[in-house]
Amino acid sequence: QVQMVESGGGLVQAGGSLRLSCAGSGRTFSGSSKAWFRQAPGKEREFVARITVSDTITTYAESVKGRFAISRDNAKTTVYLQMNNLKVEDTAVYYCAVRNTGSPYTLPRTWAYWGQGTQVTVSS
């Protein structure tokens, strides 16, 4: 029902930028809200950003507000996460999530589908 391919991760120095991409297919992907989460080694998966389906309202975690931006293409086939002024603490595996099924949407358990994740490593 949902097929996703994540890309854009990599190794960058602090202060640099990366743009993550999550390309999906299927009715569920195109018609659902989307979000980005991240998980550092030994830590719980945490909310990063979310974008709604119809009104494209965006919400960000306090730790990334002003630095990251979530967006989608007009065809709703791809969701992006533009990451600027990266910090060492941003190092984590980033996951694309699709279809919010409950509240609060900042919790991983409220999302139905997940990508495989893409590694983002920020060096000092």
Side-chain angles (χ1 to χ4, degrees):
Q1 185 177 8
V2 177
Q3 183 178 24
M4 295 175 282
V5 178
E6 299 177 349
S7 61
L11 174 64
V12 299
Q13 290 187 313
S17 299
L18 281 176
R19 189 194 192 197
L20 305 184
S21 177
C22 179
S25 62
R27 293 289 188 276
T28 299
F29 185 91
S30 62
S32 304
S33 295
K34 303 170 182 62
W36 287 95
F37 285 76
R38 66 186 182 186
Q39 186 168 21
K43 296 184 178 181
E44 297 291 331
R45 191 167 299 186
E46 67 173 353
F47 171 77
V48 175
R50 179 243 196 177
I51 184 168
T52 60
V53 179
S54 58
D55 50 15
T56 62
I57 292 177
T58 58
T59 305
Y60 302 92
E62 183 66 28
S63 60
V64 306
K65 198 170 186 177
R67 299 188 298 118
F68 291 10
I70 186 172
S71 63
R72 72 183 188 195
D73 64 343
N74 292 331
K76 295 182 288 185
T77 57
T78 307
V79 61
Y80 306 94
L81 183 67
Q82 178 65 48
M83 305 184 292
N84 299 321
N85 191 26
L86 284 162
K87 303 177 180 180
V88 174
E89 49 263 45
D90 292 320
T91 295
V93 175
Y94 284 70
Y95 298 90
C96 176
V98 179
R99 191 176 183 183
N100 178 245
T101 60
S103 299
Y105 54 75
T106 52
L107 294 181
R109 68 173 69 93
T110 66
W111 293 84
Y113 303 99
W114 296 84
Q116 293 296 312
T118 183
Q119 178 71 49
V120 172
T121 303
V122 184
S123 61
S124 60

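The residues of the chain are indexed from 1 along the displayed sequence.
Across R38 and A92, no two heavy atoms sit closer than the pair CB-CB, 3.9 Å. Of all heavy-atom pairs between L18 and G8, the closest is CD2-O, 3.6 Å. G102 and N100 make their closest contact through O-OD1, 2.8 Å (heavy atoms, listed as atom of the first residue, atom of the second, distance). Listed here is the closest heavy atom pair of A14 and S124: CB-CA, 4.4 Å.
Relative ring orientation between Y94 and F68 is described as tilted, the plane-to-plane angle lying within the 30° to 60° band.
Here the NZ atom belonging to K34 is positioned 11.5 Å from the OH atom belonging to Y80, to the nearest 0.5 angstrom. The distance from the OG1 atom of T78 to the CG atom of L20 is 13.0 Å, given to the nearest 0.5 Å. With values rounded to the nearest 0.5 angstrom, T101 atom OG1 is found 9.0 Å from W111 atom CH2. Residue R109 holds its CZ atom at 12.5 Å from CZ of R45, rounded to the nearest 0.5 Å. The distance from atom SG of C22 to atom CG of L81, rounded to the nearest 0.5 Å, is 10.5 Å. Within the model, atoms OG1 of T121 and CG of L11 stand 6.0 Å from one another, a figure rounded to the nearest 0.5 Å.
Residues M83 and R67 fail the side-chain proximity criterion, which asks for heavy atoms closer than 4.5 Å. With contacts defined as side-chain heavy-atom distances shorter than 4.5 Å, the pair C96/W114 does not qualify. Side chains of S33 and R50 form a contact here, defined as non-hydrogen atoms less than 4.5 Å apart. A 4.5 Å side-chain heavy-atom check between V53 and R72 finds at least one atom pair inside the cut-off. The shortest distance between side-chain heavy atoms of Y95 and V48 does not fall below 4.5 Å.
The backbone N or O of S25 lies less than 3.5 Å from no partner atom in the side chain of Q3, so there is not a single donor-acceptor pair. Side-chain N or O atoms of K87 include none that pairs as donor or acceptor with a backbone N or O of N85 at under 3.5 Å. Side-chain N or O atoms of S30 include none that pairs as donor or acceptor with a backbone N or O of T77 at under 3.5 Å.
Taken together through direct or relayed side-chain contacts under 4.5 Å among Ile, Leu, Val, Met, Phe, Trp and Tyr, F47 and V120 form parts of separate hydrophobic clusters. At a threshold of 4.5 Å between side-chain heavy atoms, the hydrophobic network of Ile, Leu, Val, Met, Phe, Trp and Tyr places W36 and Y60 in one connected group. Hydrophobic clustering (side-chain heavy atoms under 4.5 Å, transitive across Ile, Leu, Val, Met, Phe, Trp, Tyr) keeps L86 apart from F37.
Around atom CD of Q13, no more than 12 heavy atoms belonging to other residues, nucleotides or ligands sit under 6.0 Å away. Around CD of Q119, the count of heavy atoms belonging to other residues, nucleotides or ligands within 6.0 Å exceeds 12.
Defined by atom type and a distance below 3.5 Å, a donor-acceptor pair is missing between the side-chain atoms of Y113 and S32.
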